[in-house]
Every structure is written in structure tokens, then in C-alpha cells.
Amino acid sequence: MDHPLTLFLFDSHALATPAVRARLTATPDLALLAVAPDLAALPDTAEPPAHAFLVLTDWRDGAPLTLASALRARWPRPAPVIWSAQSHPLRLVAALTAGAGGYVDVAAPLPDLLTVLRVVQRGGAACCAPTASQLRARLFGCPHLTDREAQVAALIAAGYANATIAAILGLTVRGVEAHVHRLCRKTGARTRVDLARWWLLRPWLCGTEGAVTEGA
């Protein structure tokens, strides 16, 4: 069974409102030791004074990333975790480059935060689920598809013609053609072959809610 994690929260710009602190202190598996603006508040010890370091930032300047680098230089483990008040998937890259071991959106559920803190405390690297999803979409060129668009794309990849897709999904042929047009616009595909290739290179989309398989 995991023991509660002791935690130092670094807050260079006074973003930790009473509500934010209350969220942390209300988490039974976290023990918030202190909230500090910078590294000077920590004791100069050989061993890290806490199980986890959490750096809160809204990205107004580079101070939190500089702090993350300084923490990593003083204590290689645990790596700090960036707690981002203004999330963007590519900021994960900036955080890891600065020496952070994890990245969590402030809006992410507390279980996500706790999981990332534990993974990093054990020497791993992790980010919250919403950021992972956004980053995957950006890196792999995956725009948002509606459930119906995903169904049409899956059936095109399976080799079905528009008339057959219309019969399977209960649409008109013109309705299917409209979905194909939107899919090509979203994905950059020029032909049905391009669209099928785009779908098949993104296997995680096959679990899209409402996806249709042969015989459904």
C-alpha cells in the first residue's frame, strides 16, 4: 500500500488560492508541508525534504522552469512536477526540457495529479490524461472527429462504397458524401485511399464511441 506523499508546493506568482490549497490538503494521500515562492525556502540538506515537488505556473515568465531546473540540479530525485494553470500540450515539452518529470493541468482531477506525482517520485515521467490526449492529437495530426465521421472513416478504410455505407448507417448517399467531404477537409486527404490510410495509421481512433464494424 502506498504511503501518503509529502509535498512542497512552489508558487512564484501567488496563484495558490485558498481553494487550491484546500484541494491539496483535502487529498488523503498527500501531505502538504509548505507553500513557498522559490528554492530559498527549502532547507539546504543532502536529502530532499519531501517526496514530491510541485511547481505551480501560469506561464507569465520563465521563473517556474528556472526553478524546476534548480530543483533538479540540487536533488536529482524526485524531479519536480509542473502544475499548469494555463494548459497547452506543447508546454509539456518545455517542462520536460527544463528538468521536470511530470506535467499536470490544474483543471485535471486530483487522482491524475496524485498518479503523476507517484510515477515521478519513483523515477518515471508522466503527464495527466487530458494533456496526453491533446499532445497525441497535435503530434499525430489527429483532428476531432464526430462519432458519425469516425464511423464513415472506418467504413471507408474497410473498403465500402458510399452506397453501402449509407445503407449500413441509415443515411442517404448525399449525406455520406457530405461526411466524406468534411473528413477530407479535416484530415487533408485528397482521395478515399488517402483517407483510408489516414485512419489506419491512427489505431487509437478505432475505439471511438459509436464506431461501426463489419456486420454491425
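These numbers were taken from a predicted model, which means no experiment stands behind them.
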Check whether [X] and [Y] end up in the same hydrophobic cluster, where Ile, Leu, Val, Met, Phe, Trp and Tyr are linked by side-chain heavy atoms less than 4.5 Å apart.
{"X": "Leu92", "Y": "Val116", "result": "no"}
{"X": "Val35", "Y": "Leu5", "result": "yes"}
{"X": "Leu42", "Y": "Leu24", "result": "no"}
{"X": "Ile82", "Y": "Phe10", "result": "yes"}
{"X": "Leu33", "Y": "Leu9", "result": "no"}

Closest non-hydrogen atom pair, [X] against [Y]:
{"X": "Pro78", "Y": "Phe53", "answer": "O-CD1, 3.8 Å"}
{"X": "Val104", "Y": "Ala108", "answer": "CG1-CB, 4.0 Å"}
{"X": "Arg72", "Y": "Pro80", "answer": "CD-CD, 4.2 Å"}
{"X": "Ala189", "Y": "Leu195", "answer": "CB-N, 3.6 Å"}
{"X": "Ala52", "Y": "Leu117", "answer": "CB-CD2, 3.9 Å"}
{"X": "Leu15", "Y": "Asp58", "answer": "CD1-N, 3.5 Å"}

**Request:** Assess whether side chain to side chain contact (heavy atoms under 4.5 Å, CB included) is satisfied between Ile168 and Leu155, documenting all intermediate values.
**Result:** CA-CA 9 Å; Ile168 292 172; Leu155 290 169; 4.2 Å; yes
Less than 4.5 Å apart, side chain to side chain, heavy atoms only: is that true for [X] and [Y]?
{"X": "Pro37", "Y": "Ser12", "result": "no"}
{"X": "Val106", "Y": "Leu56", "result": "yes"}
{"X": "Thr57", "Y": "Trp83", "result": "no"}
{"X": "Val81", "Y": "Val55", "result": "no"}

May I ask you to check whether [X] and [Y] show a side-chain donor-acceptor distance below 3.5 Å?
{"X": "Thr131", "Y": "Tyr103", "result": "no"}
{"X": "Trp59", "Y": "Ser84", "result": "yes"}
{"X": "Arg118", "Y": "Gln121", "result": "no"}

Spacing of [X] atom [atom1] and [Y] atom [atom2] [to the nearest 0.5 Å]:
{"X": "Asp38", "Y": "Leu71", "atom1": "CG", "atom2": "CG", "result": "10.0 Å"}
{"X": "Lys186", "Y": "His179", "atom1": "NZ", "atom2": "NE2", "result": "10.0 Å"}
{"X": "Leu113", "Y": "Leu54", "atom1": "CG", "atom2": "CG", "result": "5.5 Å"}
{"X": "Gln151", "Y": "Thr146", "atom1": "CD", "atom2": "OG1", "result": "8.0 Å"}
{"X": "Leu183", "Y": "Arg148", "atom1": "CG", "atom2": "CZ", "result": "12.0 Å"}
{"X": "Asp105", "Y": "Arg91", "atom1": "CG", "atom2": "CZ", "result": "10.5 Å"}

Please check this pair: side chain of [X] against backbone of [Y], looking for a donor-acceptor N/O pair closer than 3.5 Å.
{"X": "Arg192", "Y": "Val180", "value": "no"}
{"X": "Trp199", "Y": "Ala150", "value": "no"}
{"X": "Thr27", "Y": "Leu30", "value": "no"}
{"X": "His51", "Y": "Thr6", "value": "yes"}
{"X": "Asp112", "Y": "Cys128", "value": "no"}

**Prompt:** Can you list the steps and then say if Ile156 with Tyr160 is a side chain to side chain contact (heavy atoms under 4.5 Å, CB included)?
**Reply:** CA-CA 5 Å; Ile156 288 173; Tyr160 291 108; over 6 Å; no
**Message:** Could you go through Val173 and Ile165, starting from their C-alpha distance and side-chain angles, then the distance that decides it, and tell me whether this counts as side chain to side chain contact (heavy atoms under 4.5 Å, CB included)?
**Reply:** CA-CA 8 Å; Val173 173; Ile165 294 173; over 6 Å; no
Distance-only donor-acceptor hits, side chain of residues 62-69, under 3.5 Å, sequence neighbours excluded:
from  : atom 1 : to    : atom 2 : distance (Å)
Thr66 : OG1    : Gly62 : O      : 3.1
Ser69 : OG     : Leu65 : O      : 3.2
Ser69 : OG     : Ala98 : O      : 2.6

**Request:** Let me see the working for Arg23 and Leu110 under side chain to side chain contact (heavy atoms under 4.5 Å, CB included), right down to the final yes or no.
**Result:** CA-CA 8 Å; Arg23 285 182 70 203; Leu110 280 177; 3.6 Å; yes
